[in-house]
Amino acid sequence: MRTASRIKAFPAAALALAMFCPGPAGAHEGKGHGHQEKEQKEQKEHRGGIRSAPAKGVKADFDIFHTKITTEGNVAVFHIAVSGKAGKSLPSKVGKLAGSAVFSYVWPTTIDPSAIGFEAKSGILAFAVTSHPDFDDTPLYDENGDGDLANDGDLWHSHWVVLQLDDACGKGALKVVDIPEGTKPKVPKTWPNLPILIDSPGWSPVFKGTDLTVRVPFDDIGAVNNAGFDGVSAALRVNASVHSPLLCVANVFKVASGKLTLPGKVNQ
């Protein structure tokens, strides 16, 4: 098992409304003709899914305005669009695992964790794109191509995580589910040997202007077709003691639906 210097996480769950309720702010005032044309173009390019109003106080690259999941054959396409340049901001490096931060774009879903290879009904399954410069949690992949598999956690990459409520992270807050010492729960083949329910499947996120897209193949796309989903941008934090709970949701920047009700419908 790799050292604890490889860890991970993110947010989301239809239960923790207390943490996930920043409430989208109203539309900006004083829109000119050019702004209206831009909005009309965005309306055409971002059909379906969940549309979100601008939120005051949220950095533009985390201010989600559109969230969608569609399918193409056996491939699920996860999409988020933000007001600024997607993926622009990265966490500051602190030089150690304990207390380090994780920035995330997340799609919490109603898909059962067993569809990915975890135990059935073990929590809220979420797909996430994350960056964290203080550790690497994709031991099978060399994202920066330098021959070292353990030094590219700062590059945006994808995970599946299972989330549950845990007041140890803060009242009504979420964590990535811990794996108690001595237990061996069911995990996917690409589980990165960490003591949490996380998968590192290696699906590459694509950033283009305001948009983030990830294509994720499934053996059984039926698990996705009837799913509900939401969109979240957030920061997670590794426990200062590097102990259970290992990875907590520390700061929610924006929830696409406003209150994490998972109203999105795939292909709608």
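For the single chain, residues carry numbers from 1 onward in sequence order.
- A donor-acceptor pair under 3.5 Å is absent between the side-chain atoms of N267 and the main chain of N225, judged by distance alone.
- Using a 4.5 Å heavy-atom threshold, the side chains of N239 and P245 count as touching.
- D63 places no side-chain N or O within donor-acceptor distance of the main-chain N or O of V58, the cut-off being under 3.5 Å.
- Taking the six-membered ring where tryptophan is involved, the planes of W107 and F78 are perpendicular, since the angle between them exceeds 60° and thus also 30°.
- Here the straight-line distance linking atom CZ of F127 with atom OG of S158 works out to 4.0 Å at 0.5 Å rounding.
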If you look only at distance, which donor and acceptor atoms sit under 3.5 Å apart when one is on a side chain in residues 111-126 and the other is two or more places apart or in another chain?
residue	atom	partner	partner atom	Å
D112	OD1	K121	N	3.2
D112	OD2	S114	N	2.9
D112	OD2	S114	OG	2.6
D112	OD2	K121	N	3.4
E119	OE2	K186	N	2.8
S122	OG	E119	O	2.8

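- Clustering ILVMFWY residues whenever any of their side-chain heavy atoms sit less than 4.5 angstrom apart, transitively, puts V82 in the very cluster that holds L90.
- Enclosure of atom CG in D219 is not indicated, since only 12 or fewer non-hydrogen atoms of other residues, nucleotides or ligands lie within 6.0 angstrom.
- Closest approach of W156 to G87, counting heavy atoms only: NE1-O, 3.1 Å.
- The two residues V252 and A234 have their closest heavy-atom pair at CA-CB, 4.0 Å.
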Report the C-alpha distance between S89 and K59 in whole Å, list the side-chain angles of each, state the deciding distance to 0.1 Å, and finish with yes or no for side chain to side chain contact (heavy atoms under 4.5 Å, CB included).
-> CA-CA 9 Å; S89 297; K59 289 188 66 174; 2.8 Å; yes
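- At least one side-chain heavy atom of L236 sits under 4.5 Å from a side-chain heavy atom of S104.
- You'll find the side chain of D211 reaches within 4.5 Å of the side chain of H79, heavy atoms only.
- To the nearest 0.5 angstrom, I69 atom CD1 is 12.0 Å from Q268 atom CD.
- Cluster partners of V75, using a side-chain heavy-atom cutoff of under 4.5 Å among ILVMFWY residues and allowing indirect links, are V77.
- Nearest heavy-atom pair, A101 versus H132, reported as atom, atom and distance to 0.1 Å: O-CB, 3.4 Å.
- A heavy-atom distance below 4.5 Å is not found between the side chains of E181 and P195.
- Taken from CG in N193 to OG in S200, the straight-line distance is 10.0 Å, to the nearest 0.5 Å.
- Without hydrogens or angle criteria, W203 side chain to P217 main chain gives no donor-acceptor distance under 3.5 Å.
- At distances below 3.5 Å, at least one donor-acceptor pair connects side-chain atoms of D166 with backbone N or O atoms of A168.
- Judged by distance alone, the side chains of D199 and H159 never bring a donor and an acceptor atom under 3.5 Å apart.
- Contact annotation: the side chain of V266 never approaches that of N226 to less than 4.5 Å [non-hydrogen atoms, C-beta and beyond].
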For the pair F62 and F103, evaluate ring-ring contact (aromatic ring centres under 6.0 Å, His included) and give the outcome as yes or no after the intermediate values.
-> CA-CA 10 Å; F62 291 120; F103 283 0; 5.5 Å; yes
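- Here the side chain of H157 pairs a donor or acceptor atom with the backbone of L155 at under 3.5 angstrom.
- Heavy-atom minimum distance, I50 versus A256: CG2-O, 3.8 Å.
- Rounding to the nearest 0.5 Å gives a distance of 12.0 Å between SG of C169 and CZ of R237.
- At least one donor-acceptor pair closer than 3.5 Å links the side chain of D134 to the backbone N or O of V94.
- At distances below 3.5 Å, not a single donor-acceptor pair connects side-chain atoms of S83 with backbone N or O atoms of A60.
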Give the intermediate values and the outcome of side chain to side chain contact (heavy atoms under 4.5 Å, CB included) for residues W160 and L197.
-> CA-CA 8 Å; W160 286 104; L197 296 186; over 6 Å; no
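- Exactly one residue among V232, I80, V249 makes a side chain to side chain contact (heavy atoms under 4.5 Å, CB included) with V106. That residue is V232.
- Electrostatic pairing of D61 and K85 does not count as a salt bridge here, judged by no charged N lying under 4.0 Å from a carboxylate O.
- Between P91 and S131 there is a side-chain heavy-atom pair separated by less than 4.5 Å.
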For T67 and D230, what are the C-alpha separation, side-chain angles and deciding distance, and is it a side chain to side chain contact (heavy atoms under 4.5 Å, CB included)?
-> CA-CA 7 Å; T67 309; D230 216 321; 5.8 Å; no
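- Under a 3.5 Å cut-off, the side chain of Y105 and the backbone N or O of I64 do not form any donor-acceptor pair.
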Check step by step if side chain to side chain contact (heavy atoms under 4.5 Å, CB included) holds for R215 and E72.
-> CA-CA 9 Å; R215 299 176 63 85; E72 299 174 6; 3.0 Å; yes
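- Residue I221 comes nearest to A76 through the heavy atom pair CD1-N, 4.0 Å, listed as atom of the first residue, atom of the second, then distance.
- The main-chain N or O of F229 is never found under 3.5 Å from a side-chain atom of T109 such that the two would form a donor-acceptor pair.
- Shown here for L165 and G172, the closest heavy-atom pair between the two residues is CD2-O, 3.6 Å.
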